[in-house]
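Letters A, B, ... mirror the listed sequences (proteins, then strands); counts begin at 1.
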Protein chains: 2
Amino acid sequence: MTHEKALSALADPTRRTVFERLRSGPKSAGHLAQGLAVSRPAVSQHLKALREAGLVADEKRGRSRIYRIEHGGLEALRSYLDSFWGDVLDAYKEALEHDERDQNSD
Amino acid sequence: MTHEKALSALADPTRRTVFERLRSGPKSAGHLAQGLAVSRPAVSQHLKALREAGLVADEKRGRSRIYRIEHGGLEALRSYLDSFWGDVLDAYKEALEHDERDQNSD
DNA sequence: ACTTTATGTAAGCATAGACTTACGTTTTAA
DNA sequence: TTAAAACGTAAGTCTATGCTTACATAAAGT
(Lines give C-alpha, C1' and ligand atoms only; values in the text may rest on other atoms or scores of the structure.)
Protein backbone atom coordinates (compact mmCIF):
# COMPACT_ATOMS: atom_id res chain seq x y z
CA MET A 1 0.00 0.00 0.00
CA THR A 2 2.40 2.68 -1.02
CA HIS A 3 -0.10 4.70 -2.97
CA GLU A 4 -0.15 7.27 -0.18
CA LYS A 5 3.51 8.14 -0.59
CA ALA A 6 3.28 8.00 -4.36
CA LEU A 7 0.43 10.50 -4.32
CA SER A 8 2.14 13.02 -2.07
CA ALA A 9 5.36 12.54 -4.00
CA LEU A 10 3.77 13.40 -7.34
CA ALA A 11 1.71 16.21 -5.85
CA ASP A 12 4.64 18.63 -5.80
CA PRO A 13 5.23 20.41 -9.15
CA THR A 14 9.01 20.47 -9.16
CA ARG A 15 9.19 16.88 -7.94
CA ARG A 16 6.85 15.95 -10.76
CA THR A 17 9.12 17.76 -13.20
CA VAL A 18 12.10 15.76 -11.97
CA PHE A 19 10.13 12.56 -12.33
CA GLU A 20 8.96 13.42 -15.83
CA ARG A 21 12.50 14.10 -16.94
CA LEU A 22 13.17 10.42 -16.49
CA ARG A 23 10.67 9.66 -19.22
CA SER A 24 13.34 9.76 -21.90
CA GLY A 25 15.66 7.44 -20.02
CA PRO A 26 17.83 7.13 -16.89
CA LYS A 27 19.76 10.22 -15.86
CA SER A 28 22.23 11.30 -13.21
CA ALA A 29 21.19 13.48 -10.27
CA GLY A 30 23.23 16.37 -11.55
CA HIS A 31 21.75 16.15 -15.00
CA LEU A 32 18.27 16.07 -13.55
CA ALA A 33 18.97 19.30 -11.67
CA GLN A 34 20.30 21.20 -14.67
CA GLY A 35 18.04 23.97 -15.89
CA LEU A 36 15.64 23.68 -13.00
CA ALA A 37 14.63 26.70 -10.96
CA VAL A 38 15.73 25.09 -7.71
CA SER A 39 19.12 24.16 -6.34
CA ARG A 40 20.83 20.80 -6.77
CA PRO A 41 20.41 19.74 -3.12
CA ALA A 42 16.69 20.39 -3.45
CA VAL A 43 16.60 17.93 -6.32
CA SER A 44 18.45 15.40 -4.17
CA GLN A 45 15.75 15.69 -1.54
CA HIS A 46 13.07 15.26 -4.17
CA LEU A 47 14.78 12.17 -5.48
CA LYS A 48 14.83 10.74 -1.99
CA ALA A 49 11.09 11.25 -1.68
CA LEU A 50 10.51 9.65 -5.08
CA ARG A 51 12.64 6.67 -4.12
CA GLU A 52 10.79 6.15 -0.85
CA ALA A 53 7.56 6.20 -2.82
CA GLY A 54 8.80 3.44 -5.11
CA LEU A 55 8.70 5.76 -8.10
CA VAL A 56 12.42 5.78 -8.90
CA ALA A 57 15.35 3.46 -8.37
CA ASP A 58 18.98 4.48 -8.24
CA GLU A 59 22.27 2.85 -9.06
CA LYS A 60 25.73 4.07 -8.34
CA ARG A 61 27.87 4.43 -11.43
CA GLY A 62 31.33 5.81 -10.79
CA ARG A 63 31.02 8.98 -8.77
CA SER A 64 27.59 9.82 -10.07
CA ARG A 65 24.28 8.20 -9.32
CA ILE A 66 21.89 7.18 -12.06
CA TYR A 67 18.14 7.37 -11.46
CA ARG A 68 15.47 5.55 -13.40
CA ILE A 69 11.71 5.20 -13.14
CA GLU A 70 10.62 2.31 -10.95
CA HIS A 71 7.30 0.79 -11.93
CA GLY A 72 6.31 -0.31 -8.43
CA GLY A 73 5.02 3.06 -7.33
CA LEU A 74 3.22 3.61 -10.62
CA GLU A 75 1.47 0.27 -10.37
CA ALA A 76 0.45 0.88 -6.77
CA LEU A 77 -1.10 4.15 -7.82
CA ARG A 78 -2.83 2.67 -10.83
CA SER A 79 -4.43 -0.17 -8.92
CA TYR A 80 -5.59 2.31 -6.31
CA LEU A 81 -7.30 4.35 -9.00
CA ASP A 82 -8.75 1.29 -10.68
CA SER A 83 -10.24 0.16 -7.38
CA PHE A 84 -12.74 2.98 -7.75
CA TRP A 85 -14.15 2.12 -11.14
CA GLY A 86 -16.08 -1.05 -10.37
CA ASP A 87 -17.18 -0.29 -6.83
CA VAL A 88 -18.39 3.16 -7.59
CA LEU A 89 -20.53 2.40 -10.60
CA ASP A 90 -22.36 -0.42 -8.84
CA ALA A 91 -22.98 1.55 -5.68
CA TYR A 92 -24.24 4.49 -7.70
CA LYS A 93 -26.57 2.47 -9.84
CA GLU A 94 -28.14 1.14 -6.70
CA ALA A 95 -28.40 4.61 -5.19
CA LEU A 96 -30.10 5.81 -8.35
CA GLU A 97 -32.65 3.02 -8.36
CA HIS A 98 -33.56 3.60 -4.74
CA ASP A 99 -33.69 7.30 -5.56
CA GLU A 100 -32.40 8.28 -2.20
CA ARG A 101 -30.50 10.96 -0.41
CA ASP A 102 -27.62 9.41 1.59
CA GLN A 103 -28.20 6.11 3.29
CA ASN A 104 -25.07 4.07 3.82
CA SER A 105 -23.33 4.10 7.15
CA ASP A 106 -19.68 4.06 6.00
CA MET B 1 -5.04 18.53 -18.04
CA THR B 2 -6.22 18.51 -14.49
CA HIS B 3 -4.03 15.70 -13.26
CA GLU B 4 -2.05 18.27 -11.25
CA LYS B 5 -5.04 19.26 -9.14
CA ALA B 6 -6.18 15.66 -8.84
CA LEU B 7 -2.78 14.63 -7.49
CA SER B 8 -2.54 17.36 -4.87
CA ALA B 9 -6.18 16.77 -3.95
CA LEU B 10 -5.63 13.08 -3.23
CA ALA B 11 -2.30 13.70 -1.53
CA ASP B 12 -3.93 14.82 1.71
CA PRO B 13 -4.92 11.93 4.02
CA THR B 14 -8.17 13.32 5.37
CA ARG B 15 -9.23 14.51 1.94
CA ARG B 16 -8.51 11.04 0.65
CA THR B 17 -10.64 9.60 3.44
CA VAL B 18 -13.54 11.83 2.44
CA PHE B 19 -13.15 10.78 -1.15
CA GLU B 20 -13.01 7.09 -0.28
CA ARG B 21 -16.20 7.36 1.71
CA LEU B 22 -17.98 8.03 -1.53
CA ARG B 23 -17.02 4.56 -2.72
CA SER B 24 -20.20 3.06 -1.35
CA GLY B 25 -22.42 5.65 -2.96
CA PRO B 26 -23.35 9.36 -2.94
CA LYS B 27 -23.53 11.04 0.43
CA SER B 28 -24.37 14.42 1.94
CA ALA B 29 -21.68 16.77 3.20
CA GLY B 30 -22.79 16.33 6.76
CA HIS B 31 -22.79 12.57 6.52
CA LEU B 32 -19.30 12.64 5.06
CA ALA B 33 -18.07 14.64 8.04
CA GLN B 34 -19.54 12.33 10.69
CA GLY B 35 -16.97 10.37 12.65
CA LEU B 36 -14.02 12.17 11.15
CA ALA B 37 -11.32 13.70 13.33
CA VAL B 38 -11.76 17.13 11.78
CA SER B 39 -14.57 19.64 11.90
CA ARG B 40 -17.41 19.87 9.43
CA PRO B 41 -16.22 23.12 7.81
CA ALA B 42 -12.89 21.44 7.18
CA VAL B 43 -14.70 18.74 5.24
CA SER B 44 -16.51 21.41 3.25
CA GLN B 45 -13.16 22.87 2.23
CA HIS B 46 -11.89 19.45 1.26
CA LEU B 47 -14.97 18.85 -0.85
CA LYS B 48 -14.34 22.12 -2.63
CA ALA B 49 -10.81 21.03 -3.48
CA LEU B 50 -12.07 17.66 -4.69
CA ARG B 51 -14.68 19.33 -6.87
CA GLU B 52 -12.15 21.70 -8.43
CA ALA B 53 -10.02 18.68 -9.23
CA GLY B 54 -12.89 17.03 -11.06
CA LEU B 55 -12.97 14.19 -8.54
CA VAL B 56 -16.44 14.81 -7.14
CA ALA B 57 -19.65 16.39 -8.36
CA ASP B 58 -22.38 17.83 -6.20
CA GLU B 59 -26.08 18.30 -6.48
CA LYS B 60 -28.39 20.22 -4.26
CA ARG B 61 -31.15 18.12 -2.79
CA GLY B 62 -33.43 20.00 -0.46
CA ARG B 63 -31.36 21.76 2.16
CA SER B 64 -28.51 19.32 1.95
CA ARG B 65 -25.98 18.79 -0.81
CA ILE B 66 -25.20 15.35 -2.17
CA TYR B 67 -21.70 14.55 -3.36
CA ARG B 68 -20.70 11.77 -5.70
CA ILE B 69 -17.50 10.62 -7.34
CA GLU B 70 -16.87 12.22 -10.70
CA HIS B 71 -14.89 10.11 -13.12
CA GLY B 72 -13.25 13.00 -14.95
CA GLY B 73 -10.51 13.53 -12.42
CA LEU B 74 -9.88 9.82 -12.07
CA GLU B 75 -9.52 9.41 -15.81
CA ALA B 76 -7.18 12.37 -16.10
CA LEU B 77 -5.00 10.81 -13.42
CA ARG B 78 -5.07 7.39 -14.97
CA SER B 79 -4.10 8.56 -18.43
CA TYR B 80 -1.30 10.56 -16.89
CA LEU B 81 0.03 7.44 -15.21
CA ASP B 82 -0.44 5.33 -18.32
CA SER B 83 1.57 7.83 -20.33
CA PHE B 84 4.65 6.59 -18.54
CA TRP B 85 4.39 2.91 -19.35
CA GLY B 86 5.16 2.90 -23.04
CA ASP B 87 7.59 5.78 -23.20
CA VAL B 88 9.65 4.64 -20.31
CA LEU B 89 10.17 1.04 -21.35
CA ASP B 90 11.33 2.02 -24.83
CA ALA B 91 13.69 4.71 -23.64
CA TYR B 92 15.16 2.36 -21.08
CA LYS B 93 15.69 -0.50 -23.47
CA GLU B 94 17.65 1.87 -25.67
CA ALA B 95 19.67 3.13 -22.73
CA LEU B 96 20.47 -0.43 -21.75
CA GLU B 97 21.66 -1.37 -25.24
CA HIS B 98 23.89 1.65 -25.51
CA ASP B 99 25.09 0.89 -21.97
CA GLU B 100 25.48 4.48 -21.09
CA ARG B 101 25.44 6.85 -18.19
CA ASP B 102 23.10 9.77 -18.93
CA GLN B 103 22.97 11.13 -22.42
CA ASN B 104 19.68 12.78 -23.30
CA SER B 105 19.30 16.51 -23.13
CA ASP B 106 15.77 16.76 -21.81
C1' DA C 1 -42.52 34.96 11.51
C1' DC C 2 -39.40 32.58 14.02
C1' DT C 3 -36.47 28.55 14.72
C1' DT C 4 -33.85 24.71 13.35
C1' DT C 5 -31.14 22.12 10.08
C1' DA C 6 -27.64 21.80 6.57
C1' DT C 7 -24.22 23.81 4.49
C1' DG C 8 -20.60 27.19 2.59
C1' DT C 9 -17.32 31.14 3.49
C1' DA C 10 -13.98 34.34 6.15
C1' DA C 11 -10.25 35.27 9.02
C1' DG C 12 -6.61 33.83 11.62
C1' DC C 13 -3.42 30.37 13.45
C1' DA C 14 -0.12 26.65 13.36
C1' DT C 15 2.40 23.14 11.31
C1' DA C 16 4.27 20.44 7.36
C1' DG C 17 7.38 20.68 3.94
C1' DA C 18 9.98 22.93 0.10
C1' DC C 19 14.03 25.64 -0.31
C1' DT C 20 18.61 27.60 0.77
C1' DT C 21 23.53 27.61 2.35
C1' DA C 22 27.06 25.05 4.49
C1' DC C 23 29.32 20.82 5.22
C1' DG C 24 30.71 15.74 4.75
C1' DT C 25 31.84 11.72 1.79
C1' DT C 26 33.35 9.14 -2.03
C1' DT C 27 35.36 8.65 -6.42
C1' DT C 28 38.29 10.13 -10.22
C1' DA C 29 41.92 13.00 -12.17
C1' DA C 30 46.62 15.74 -11.91
C1' DT D 1 48.42 13.25 -2.03
C1' DT D 2 46.22 17.08 -3.36
C1' DA D 3 42.48 18.78 -5.99
C1' DA D 4 38.16 18.58 -8.16
C1' DA D 5 33.75 16.57 -9.31
C1' DA D 6 29.33 14.52 -8.09
C1' DC D 7 26.47 13.74 -4.78
C1' DG D 8 23.90 13.32 -0.10
C1' DT D 9 22.78 15.34 4.54
C1' DA D 10 22.05 18.99 8.31
C1' DA D 11 20.15 23.01 10.07
C1' DG D 12 17.46 26.85 9.59
C1' DT D 13 14.01 29.90 7.10
C1' DC D 14 9.74 30.83 4.99
C1' DT D 15 5.53 29.91 2.72
C1' DA D 16 1.53 26.97 1.42
C1' DT D 17 -2.19 24.90 3.38
C1' DG D 18 -5.01 22.30 6.66
C1' DC D 19 -7.60 23.41 10.71
C1' DT D 20 -10.51 26.06 13.94
C1' DT D 21 -14.11 29.38 15.44
C1' DA D 22 -17.33 32.62 13.96
C1' DC D 23 -20.50 34.23 10.65
C1' DA D 24 -23.66 34.07 6.40
C1' DT D 25 -27.23 31.85 3.61
C1' DA D 26 -30.93 29.02 2.39
C1' DA D 27 -34.39 25.55 2.92
C1' DA D 28 -37.79 23.29 5.86
C1' DG D 29 -40.42 22.71 9.92
C1' DT D 30 -43.76 24.92 13.81
Carefully, step by step, assess A:R78 and A:L74 under the rule side chain to side chain contact (heavy atoms under 4.5 Å, CB included).
CA-CA 6 Å; A:R78 199 152 78 105; A:L74 283 175; over 6 Å; no

Begin with the C-alpha distance, continue with both residues' side-chain angles, and end with the deciding distance and a verdict on side chain to side chain contact (heavy atoms under 4.5 Å, CB included) for A:E75 and B:W85.
CA-CA 10 Å; A:E75 268 196 77; B:W85 272 102; 3.6 Å; yes

Test log, rule side-chain hydrogen bond (donor to acceptor under 3.5 Å, both in side chains), inputs A:R23 and B:S83
CA-CA 9 Å; A:R23 258 212 177 96; B:S83 76; 2.4 Å; yes

Take B:E20 and A:Y80 through the test side chain to side chain contact (heavy atoms under 4.5 Å, CB included) and record every step on the way to the result.
CA-CA 11 Å; B:E20 289 168 4; A:Y80 173 71; 2.7 Å; yes

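Between A:S64 and the phosphate of D:dA6, there is no side-chain N or O to OP1/OP2 separation shorter than 4.0 Å. Distances shown here put every side-chain N or O of A:Y67 at or beyond 4.0 Å from the OP1 or OP2 atom of D:dA6.
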Just by protein heavy atoms under 4.0 Å, how would nucleotides 15-21 of chain C read 5' to 3' in B, S and -?
---SBBB

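Atom CZ of B:R65 is separated from atom P of D:dT25 by 16 Å (rounded to the nearest Å). One atom, NZ of B:K48, and another, C1' of D:dT17, lie 13 Å apart when rounded to the nearest Å. Here the C1' atom of nucleotide D:dG18 and the CG atom of B:L50 are 13 Å apart, to the nearest Å. Rounded to whole angstrom, the span from the CG atom of B:L36 across to the P atom of D:dG18 amounts to 15 Å. Spacing between atom CD of A:E59 and atom P of D:dG8 amounts to 13 Å, rounded to whole angstrom units. Per the geometry, CZ belonging to B:R51 stands 12 Å off C1' belonging to C:dT9, to the nearest Å.
In this structure, B:R16 has no salt bridge (Lys or Arg N to Asp or Glu O under 4.0 Å) partners at least two apart in sequence or on a different chain.
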What are the atom names and distances for every N/O pair under 3.5 Å that joins the protein to nucleotides 24-28 of chain C?
residue	atom	partner	partner atom	Å
C:dT26	O3'	A:K60	NZ	3.3
C:dT27	OP1	A:K60	NZ	3.3

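Of the residues listed (B:T17, B:D12, B:V18), the one engaging B:R15 in a side chain to side chain contact (heavy atoms under 4.5 Å, CB included) is B:D12, and it is the only one.
Aromatic ring pairs are classed by plane angle as parallel below 30°, tilted from 30° to 60° and perpendicular above 60°; the pair A:F84 and B:F19 is tilted.
The minimum heavy-atom distance linking B:L22 with B:K27 is given by the pair CD2-N, 3.8 Å.
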Result block: side-chain N/O donor-acceptor pairs under 3.5 angstrom for residues 36-59 of chain A, not counting sequence neighbours:
residue	atom	partner	partner atom	Å
A:S39	OG	A:A42	N	3.4
A:H46	NE2	A:T14	OG1	3.3
A:R51	NE	A:D58	OD1	3.3
A:D58	OD2	A:R65	NH1	2.3

